[in-house]
Amino acid sequence: MSLKIYNTLSREKEPFESLEPGMVRMYVCGPTVYDSAHVGHAMSSIVFDVIRRYLEYKGYRVNHVMNYTDVDDKVIRKANELGVDPLDLAEKYIEEYDRLLESLNILPPSVKPRVSQEIDGIIELVEGLMAKGYAYEVDGDVYFRVSEDEDYGKLSRRQLEDMQAGFRFEVDERKESPMDFALWKAAKQGEPFWESPWGKGRPGWHIECSAMVLHHLGEQIDIHGGGNDLIFPHHENEIAQTESLTGKPFVRYWVHNGMLQIRGEEMSKSLGNMVTVDQFLSEHEGDVLRFLVLNASYRAPLVFTDEVVEQARRGLERLKGAFRPVASSVETDPSSQHDLIEMIQKAREGFESAMDDDFNSSAALAVLFELVRRINVARDAGVDAHTLGKAQDTLRELTRVLGLQLADKSVALLDAEPYIHLLIQVREELRNAKQFALADTIRDRLLQLGITLEDGKTGTTWKLRR
RNA sequence: GGCGACGUGGCCAAGUGGUAAGGCAAGGGUCUGCAAAACCCUCAUUCCCGGGUUCAAAUCCCGGCGUCGCCUCCA
């Protein structure tokens with residue numbers, strides 16, 4: 001089986017082949033750090049984390065770069081409102097985002113560059129474009145000359161004429177064409193600036209990503225990702241700049257995630273329907289959001305409502321339930337062992353073929369749920385602990401490829417395990433003696449301590465309650 | 001106005017030519033002192049609507065309707 005990835009450029013699933021065998025260069029557009037991240041940002045980071053984890057599972061080494069946009073109109077505006085330094089403000093939200101990545105079990109990107117630390121490379125890039133006639137200066141601003149780029153619009157499938165027809169914002173008359181975009185902006189009063197050949201100024205929005213890719217990954221990369229709202233103009237412009245400069249195809253696979261929507265609306269500050277990641281995590285574990293994301297196609301819009309969150313939480317519980325250990329089993333059923341061993345292999349194959357199909361995580365989850373069911377059946381049938389453990393190990397390994405943590409027991413709790421078993425034993429004797437009131441007290445008290453007891457056919461099992 | 005995506009059961013959702021995965025919810029049952037969990041059974045003759053292509057369409061084509069995104073900063 002080989003991996004296929006949907007490429008926004010061709011609008012088709014294509015066999016994945018990296019530029020360099022065994023190695024993937026992946027760049028993902030990160031957030032503009034002017035405010036707290038919302039669950040939509042988290043969705044994007046989760047999607048590309050899953051992609052990375054699966055590529056690593058397939059044996060690739062992944063060089064994963066995610067940028068922080070810390071020099072930007074919005075950052076400056078907000079900093080000025082608050083009367084603080086823009087870079088200090090950005091720093092605060094960068095630290096916050098780093099923490100969120102960790103809480104959501106997102107593997108740290110290999111490099112996390114920031115615009116403010118890439119200025120030299122950006123200036124160099126702009127100079128290169130000017131030297132080749134792709135850019136021009138007006139009063140300290142530098143613009144990209146779109147008319148020079150013959151295949152401009154190939155990613156978003158837009159024609160220059162189409163775009164100009166629907167123009168409904170004010171055009172800067174100094175530009176040669178309305179579609180020309182800023183590579184470098186002359187500094188205005190109260191804005192951070194850097195010295196450049198065109199005077200004091202700062203980078204335009206799109207140029208930063210081109211510069212960071214060139215700096216950290218090279219002229220050509222395998223995967224470039226981000227939300228599908230970035231296709232135009234951001235990624236379109238990145239292609240224009242970078243390919244005009246290098247003359248080489250920039251990105252092999254453009255990968256875009258769909259937008260997360262709250263009740264059919266894009267989540268945005270202006271609509272007042274933001275759910276920040278912090279808010280979400282104060283009520284749910286990170287796995288819930290990840291499960292929600294995994295349960296759908298990463299390319300389609302994601303429905304985010306209280307009901308769907310609750311469904312994700314319960315689905316997760318079912319997944320976790322499969323890790324319960326064998327009870328004090330009475331008699332074993334050999335056929336259950338055979339079925340389970342067979343399922344272990346089938347689950348891995350099914351999982352891989354689902355994920356190979358453009359990271360079809362919801363189909364992969366369906367396979368895992370089949371494994372869960374078979375594990376539960378085998379446990380009820382009294383399968384031996386060794387075989388059950390092997391099936392659980394496979395389930396654990398595959399859920400980890402998806403980045404789910406499930407109920408990873410804390411060390412403290414592992415220490416408590418013998419005592420829990422002791423209590424279960426005592427309670428068992430009380431139940432045999434029909435001392436139900438006392439038996440129930442033990443169950444209730446353990447529940448208060450976060451441990452749920454369940455009396456199954458073959459004995460009592462326990463699990464951690466969230 | 002232009003460009004693009006999407007519309008599958010009560011909810012989320014997979015499925016791009018061969019006769020509808022999975023999860024949640026719901027109903028019935030097994031087990032159980034009770035509870036919970038688990039397991040078994042049931043739950044879309046049908047995939048927004050109308051045409052067309054085909055032996056065969058949720059899947060391809062045309063036309064509607066609807067939702068969303070982008071065209072201005074946005075994961």
Side-chain angles (χ1 to χ4, degrees), chain A residues 8 11 13 28-32 34-35 37-48 66 69 72-75 77 153 156-159 161-170 179 205 225-234 236 256-261 264-270 291-292 295-297 299-305 307-319 321-322 324 327 350 354 357 360-370 372-373 375-377 379-381 431 434-437 439-440 443-444 447 452-458 461 463:
Chain A
T8 307
R11 310 282 155 115
K13 287 178 192 171
V28 180
C29 285
T32 300
Y34 73 105
D35 205 347
H38 61 238
V39 284
H41 295 114
M43 174 197 176
S44 189
S45 287
I46 289 170
V47 164
F48 289 98
M66 184 197 78
T69 299
D72 162 272
D73 290 350
K74 282 191 287 193
V75 177
R77 193 190 322 136
S156 57
R157 310 230 161 160
R158 288 161 204 242
Q159 308 296 320
E161 311 82 72
D162 294 342
M163 292 185 267
Q164 287 164 31
F167 251 52
R168 47 168 217 243
F169 52 91
E170 283 192 35
M179 291 314 297
W205 176 37
N228 68 16
D229 53 344
L230 296 178
I231 294 172
F232 190 90
H234 187 55
E236 194 70 71
H256 292 98
N257 65 275
M259 296 291 99
L260 183 146
Q261 290 173 353
E265 295 169 326
E266 181 189 4
M267 179 160 14
S268 77
K269 245 195 144 177
S270 52
F291 185 95
L292 205 152
N295 189 42
S297 160
R299 286 193 276 129
L302 183 71
V303 176
F304 185 92
T305 60
E307 188 182 7
V308 166
V309 170
E310 177 60 16
Q311 287 173 4
R313 197 186 62 73
R314 296 196 187 205
L316 208 52
E317 285 303 312
R318 180 163 168 79
L319 230 35
R324 269 167 305 154
D357 182 18
N360 189 337
S361 53
S362 86
L365 276 182
V367 172
L368 296 185
F369 275 113
E370 174 68 13
V372 165
R373 213 191 91 244
I375 285 174
N376 290 334
V377 169
R379 187 197 296 104
D380 281 358
R431 290 172 69 213
K434 309 247 184 261
Q435 304 262 8
F436 295 124
D440 287 351
R443 183 171 65 191
D444 294 345
L447 186 65
T452 306
L453 295 191
E454 290 169 355
D455 302 329
K457 207 185 287 183
T458 51
T461 61
K463 68 176 182 184

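Given the structure is predicted, the values throughout are model-derived calculations rather than measurements. So you know, we letter chains A, B, ... as the sequences are listed, proteins then strands, and number each from 1.
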Mind calculating the distance between [atom1] ([X]) and [atom2] ([N]) to the nearest angstrom?
X	N	atom1	atom2	result
A:N376	B:rA38	CG	C1'	6 Å
A:L260	B:rG69	CG	C1'	13 Å
A:F304	B:rC68	CZ	P	19 Å
A:M179	B:rG2	CE	C1'	12 Å
A:R379	B:rA36	CZ	C1'	14 Å
A:D72	B:rU72	CG	P	16 Å
A:L453	B:rG33	CG	P	16 Å
A:H41	B:rA75	NE2	P	4 Å

Check A:V309, A:I46, A:L365 against A:F291 for a side-chain contact (heavy atoms from CB on, under 4.5 Å) and give me the one that passes.
A:L365

Which residue in the set A:V303, A:L260, A:V308 passes side-chain contact (heavy atoms from CB on, under 4.5 Å) when paired with A:L292?
A:V308

Euclidean distance for [atom1], [N] against [M] (whole angstrom):
N	M	atom1	value
B:rA58	B:rA35	C1'	43 Å
B:rU53	B:rC60	C1'	8 Å
B:rG33	B:rU45	P	41 Å
B:rA13	B:rU30	C1'	30 Å
B:rA21	B:rG27	C1'	22 Å
B:rU16	B:rU54	P	23 Å
B:rU32	B:rA36	P	15 Å
B:rG1	B:rA20	P	41 Å

With the side chain of [X] defined as its heavy atoms from C-beta on, choose the nearest nucleotide among [options].
X	options	result
A:R324	B:rC71, B:rA37, B:rA75	B:rA37
A:C29	B:rA21, B:rA75, B:rC39	B:rA75
A:K74	B:rC40, B:rG33, B:rC73	B:rC73
A:D229	B:rG22, B:rA36, B:rA75	B:rA75

Partner nucleotide of [N] by Watson-Crick or wobble geometry (both distances under 3.5 Å):
N	answer
B:rG17	none
B:rC60	B:rG52
B:rA26	B:rU42
B:rC68	B:rG4

Side-chain heavy-atom pair [X], [Y] within 4.5 angstrom cut-off:
X	Y	value
A:S45	A:V47	no
A:F304	A:V39	yes
A:R443	A:D455	yes

Quick test of the criterion, 5.5 Å between centres and less than 30° between planes. Is A:F369 stacked on B:rG22 or not?
no

Test A:D35 against A:K74 for salt bridge (charged side-chain N to carboxylate O under 4.0 Å, His left out), laying out the working first.
CA-CA 9 Å; A:D35 205 347; A:K74 282 191 287 193; over 6 Å; no

Is there a donor on the side chain of [X] or the base of [N] sitting less than 3.5 Å from an acceptor on the other?
X	N	value
A:D455	B:rC34	yes
A:R443	B:rC34	yes
A:R373	B:rC39	no

For [X] and [Y], which heavy atoms make the closest approach, and how far apart are they?
X	Y	value
A:R431	A:A439	CG-CB, 3.6 Å
A:H41	A:P31	CD2-CB, 4.4 Å
A:A296	A:L302	CB-CD1, 3.7 Å

Would you indicate what [X] reaches in the nucleic acid, counting non-hydrogen atoms under 4.0 angstrom: base, sugar-phosphate, or nothing?
X	result
A:G225	nothing
A:S45	nothing
A:L230	sugar-phosphate
A:G226	sugar-phosphate

Using side-chain hydrogen bond (donor to acceptor under 3.5 Å, both in side chains), reason through A:R373 and A:N376 one step at a time and then give a plain yes or no.
CA-CA 5 Å; A:R373 213 191 91 244; A:N376 290 334; over 6 Å; no

Can you see if the side chain of [X] gets near the phosphate of [N] - specifically, an N or O under 4.0 Å from OP1 or OP2?
X	N	result
A:N257	B:rA75	no
A:T32	B:rA75	yes
A:R318	B:rC39	yes
A:R314	B:rG23	no

Go nucleotide by nucleotide along RNA chain B from the 5' end; which of A:K434 and A:L316 gets its closest nucleotide reached first?
A:L316

Result for 5'-nearest mapping on RNA chain B, choosing between A:F291 and A:A439, is A:F291

Do A:R324 and A:E454 pass the salt bridge (charged side-chain N to carboxylate O under 4.0 Å, His left out) test, and can you show the C-alpha distance, the side-chain angles, and the key distance before you say yes or no?
CA-CA 10 Å; A:R324 269 167 305 154; A:E454 290 169 355; 2.6 Å; yes

What one-letter contact string describes nucleotides 4-18 of chain B from 5' to 3', where B marks a base within less than 4.0 Å of any protein heavy atom, S marks contact via sugar-phosphate atoms alone, and - marks no contact?
S------BBSSS---

